[in-house]
Amino acid sequence: MRSNATATGYGATAISLHWIIALLIFAAFGLGLYMTGIPGLTPTKLKLFSWHKWLGVTVFMIAVLRVLWRATHAAPPVAPGTPAWQARAAAGAHHLLYVLIIVVPVTGYLYSLAAGVPVVYLGLWKMPVLIEANEELKAVFKVAHVALNYLMAGVVAVHAAAAIKHQVVDRDGTLGRMLPFLR
Ligand code: HEM
Ligand code: HEM
């Protein structure tokens, strides 16, 4: 397997993809909470829903590229002295995050279609209408979108806390693997 990683960290492509996706997800998540809290059906609310969908579709497209890139490029070796259970927990969390950055946008997309609202990416391109409007599916995808979002938020919180704990308490350079200026 190809790799641009070194013994102390990830390569530039993995790092760029990681932080671009993280920023877009934080933005989509915050916007999702904010827009759903706006009462009534105002023009602002509709505009924010569109922005939320565009952010989410962008996450999906970059996530597909990221998974393909990762499937063909090895990660840097686990830091020496890492307990086996921690290496397994980290790998498990990373796999789950790769699944969630694909599935969370997909449930949002299908929810929008089931609600009878096709997605027009950036207001320019009408995206495929994969399913017809359907009240039951609408309810299912809404619950799925919200629940998977909270699952992702939980996993990301533990993931970030673990990275910071390793960097600050154990001083083993884990955060530096994704933030080269800390190496
Ligand atoms: C990684 C990408 C995404 C994240 C992090 C995200 C996050 C969220 C969050 C936090 C909410 C508020 C949930 C709540 O009610 O508490 C939400 C709602 C919503 N999302 Fe997403 N979303 C993403 C992608 C998408 C995509 C791609 C679409 C559609 C194309 C979409 C459509 C919606 C819609 C329509 C709602 C409103 C649900 C309602 O009616 O209450 N989302 N999203
Ligand atoms: C939505 C937010 C995030 C997602 C989806 C995400 C996802 C991922 C994934 C999938 C990996 C594994 C990379 C691989 O081996 O292929 C990873 C690694 C990493 N992430 Fe995140 N991450 C997020 C946010 C954060 C934050 C906020 C921090 C730091 C505070 C962070 C720090 C790290 C570090 C240090 C690594 C390398 C871990 C190691 O070498 O074992 N991530 N992340």
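What's counted below: heavy atoms across the whole structure, side chains too, no hydrogens, waters or symmetry copies. The residues of the chain are indexed from 1 along the displayed sequence. We count ligands from 1, going down the list as the structure has it; atoms in each ligand are counted the same way.
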Next on the checklist: How long is the straight-line distance from CG of L130 back to CG of L110, given to the nearest 0.5 Å?
Outcome noted: 6.5 Å

Next on the checklist: One pair to check against side chain to side chain contact (heavy atoms under 4.5 Å, CB included): V103 and M152. What are the steps and the verdict?
Outcome noted: CA-CA 10 Å; V103 174; M152 181 165 71; over 6 Å; no

Checklist outcome for this item: Per-atom filter on ligand 1: closer than 4.0 angstrom to a heavy atom of Y109 are 28 (C), 29 (C), 30 (C)

Next on the checklist: Counting only heavy atoms closer than 4.0 Å, does ligand 2 sit against the backbone of L97, its side chain, both, or neither?
Outcome noted: side chain

Checklist entry - Side chain, backbone, both or neither: which part of A90 comes within less than 4.0 Å of ligand 2 when only heavy atoms are counted? => result neither

Next on the checklist: Closer than 4.0 Å to some heavy atom of R70 - which atoms of ligand 2 meet that?
Outcome noted: 14 (C), 15 (O), 16 (O)

Checklist entry - Which ligand 1 atoms, with their elements, are less than 4.0 angstrom from a heavy-atom of V59? => result 1 (C)

Next on the checklist: Taking 4.0 Å as the limit for heavy-atom contacts, which would you say applies to R66 with ligand 2: side chain only, backbone only, both, or neither?
Outcome noted: side chain

Item to check | Heavy-atom neighbours of K142 NZ exceed 12 at 6.0 Å | outcome: no

Item to check | L175: numbered ligand 2 atoms lying under 4.0 Å from its heavy atoms | outcome: 29 (C), 35 (C)

Item to check | N/O/S from H94 sitting under 2.8 Å away from atom 21 (Fe) of ligand 2 | outcome: no

Checklist outcome for this item: Under 4.0 Å from one or more heavy atoms of Y150, ligand 1 contributes atoms 16 (O)

Item to check | CZ-OG1 distance between F141 and T107, expressed to the nearest 0.5 angstrom | outcome: 8.0 Å

Checklist entry - If you count the atoms of ligand 1 from 1 in the order shown, which ones are under 4.0 Å from a heavy atom of P105? => result 1 (C), 24 (C), 26 (C), 27 (C)

Item to check | Minimum heavy-atom distance A74-A5, with the two atoms named | outcome: O-CB, 4.2 Å

Checklist entry - Say you draw a straight line from NE2 of H18 to CD1 of I62; how long is it, rounded to the nearest 0.5 Å? => result 13.5 Å

Checklist entry - atom 27 (C) of ligand 2: which protein heavy atom is closest, and how many Å away? => result A160 CB, 3.8 Å

Checklist entry - Side chain or backbone of L179 under 4.0 Å from ligand 2, or both, or neither, by non-hydrogen atoms? => result neither

Checklist entry - If you count the atoms of ligand 1 from 1 in the order shown, which ones are under 4.0 Å from a heavy atom of G56? => result 2 (C), 24 (C), 27 (C)

Checklist entry - Using the ring of each side chain (for Trp, its six-membered ring), is H159 parallel, tilted or perpendicular to H94, with breaks at 30° and 60°? => result perpendicular

Next on the checklist: Just to be sure I'm reading this right: ignoring hydrogens, which of V78, L96, T174, V156 gets closest to atom 4 (C) of ligand 2? Compare them by their nearest heavy atoms.
Outcome noted: V156

Item to check | Stepwise side chain to side chain contact (heavy atoms under 4.5 Å, CB included) test for L113 and M127 | outcome: CA-CA 10 Å; L113 294 181; M127 299 196 56; over 6 Å; no

Next on the checklist: I need the minimum non-hydrogen distance between K138 and Y111, along with the two atoms involved.
Outcome noted: O-CD1, 3.3 Å

Item to check | Derivation of the side chain to side chain contact (heavy atoms under 4.5 Å, CB included) call for L24 and I21 | outcome: CA-CA 5 Å; L24 290 172; I21 289 187; 5.6 Å; no

Checklist entry - Where is the nearest protein heavy atom to atom 5 (C) of ligand 2: which residue, which atom, and how far? => result I101 CG2, 3.7 Å

Checklist entry - What protein heavy atom is closest to atom 14 (C) of ligand 1, reported as residue, atom name and distance in Å? => result V146 CG2, 4.0 Å

Checklist entry - What's the shortest distance from atom 9 (C) of ligand 1 to any protein heavy atom, and which residue and atom give it? => result G32 CA, 3.8 Å

Next on the checklist: Give me the residue, atom name and distance of the protein heavy atom closest to atom 6 (C) of ligand 2.
Outcome noted: H18 NE2, 3.6 Å

Checklist entry - Would you say ligand 1 has an N or O under 3.5 Å from any N or O of H52? => result yes

Checklist entry - Just which atoms of ligand 2 are under 4.0 Å from any heavy atom in A22? => result 1 (C), 2 (C)

Checklist entry - Is there a side chain to side chain contact (heavy atoms under 4.5 Å, CB included) between H145 and Y109 once you walk through the steps? => result CA-CA 9 Å; H145 189 55; Y109 188 77; over 6 Å; no

Checklist outcome for this item: Rounded to the nearest 0.5 angstrom, the CG-CD1 distance for L179 and I15 is 7.5 Å

Checklist entry - Looking at A75, which atoms of ligand 2 are within less than 4.0 Å of one of its heavy atoms? => result 15 (O)

Item to check | Contact partition for F60 relative to ligand 1, non-hydrogen atoms under 4.0 Å | outcome: neither

Checklist outcome for this item: In terms of its nearest heavy atom to atom 26 (C) of ligand 2, the top option of F29, Y10, W19, Y98 is W19

Checklist outcome for this item: K142 heavy atoms within 4.0 Å reach ligand 1 at atoms 39 (C), 40 (O), 41 (O)

Checklist entry - Among L55, I101, V104, I102, which residue meets the side-chain contact (heavy atoms from CB on, under 4.5 Å) test with F60? => result I102

Checklist entry - What residue and atom, counting heavy atoms only, is the protein's closest point to atom 28 (C) of ligand 1, and at what distance? => result G108 C, 3.4 Å

Checklist entry - Which distance, rounded to the nearest 0.5 Å, do you find between the CZ of R183 and the OG1 of T6? => result 5.0 Å

Next on the checklist: Below 3.5 Å, N or O to N or O, backbone or side chain included: is there any such pair between Y111 and ligand 1?
Outcome noted: yes

Checklist outcome for this item: All heavy atoms of L175 vs all of Q167, minimum pair found to be N-OE1, 2.9 Å

Next on the checklist: Please state which option from M152, H159, R177, M178 has its nearest heavy atom closest to atom 24 (C) of ligand 2.
Outcome noted: H159

Item to check | Any H95 heavy atom less than 4.0 Å to ligand 2 | outcome: no

Item to check | Point-to-point distance, once rounded to the nearest 0.5 Å, from CG of L122 to OG1 of T58 | outcome: 6.0 Å

Checklist entry - Can you find a pair of side-chain heavy atoms, one from K53 and one from Y121, that are under 4.5 Å apart? => result no

Next on the checklist: Students should be able to answer this: which protein heavy-atom is nearest to atom 36 (C) of ligand 1, and at what distance?
Outcome noted: M35 CE, 3.6 Å

Checklist entry - Counting heavy atoms only, which of V57, L33, V104 is nearest atom 3 (C) of ligand 1? => result V104

Item to check | Over all atoms of both residues, closest heavy-atom pair of A7 and R177 | outcome: O-NH1, 4.3 Å

Next on the checklist: Is there a polar contact between ligand 1 and H145, counting only N or O atoms under 3.5 Å apart?
Outcome noted: yes

Checklist entry - Which ligand 1 atoms are under 4.0 Å away from a heavy-atom of V119? => result 30 (C)

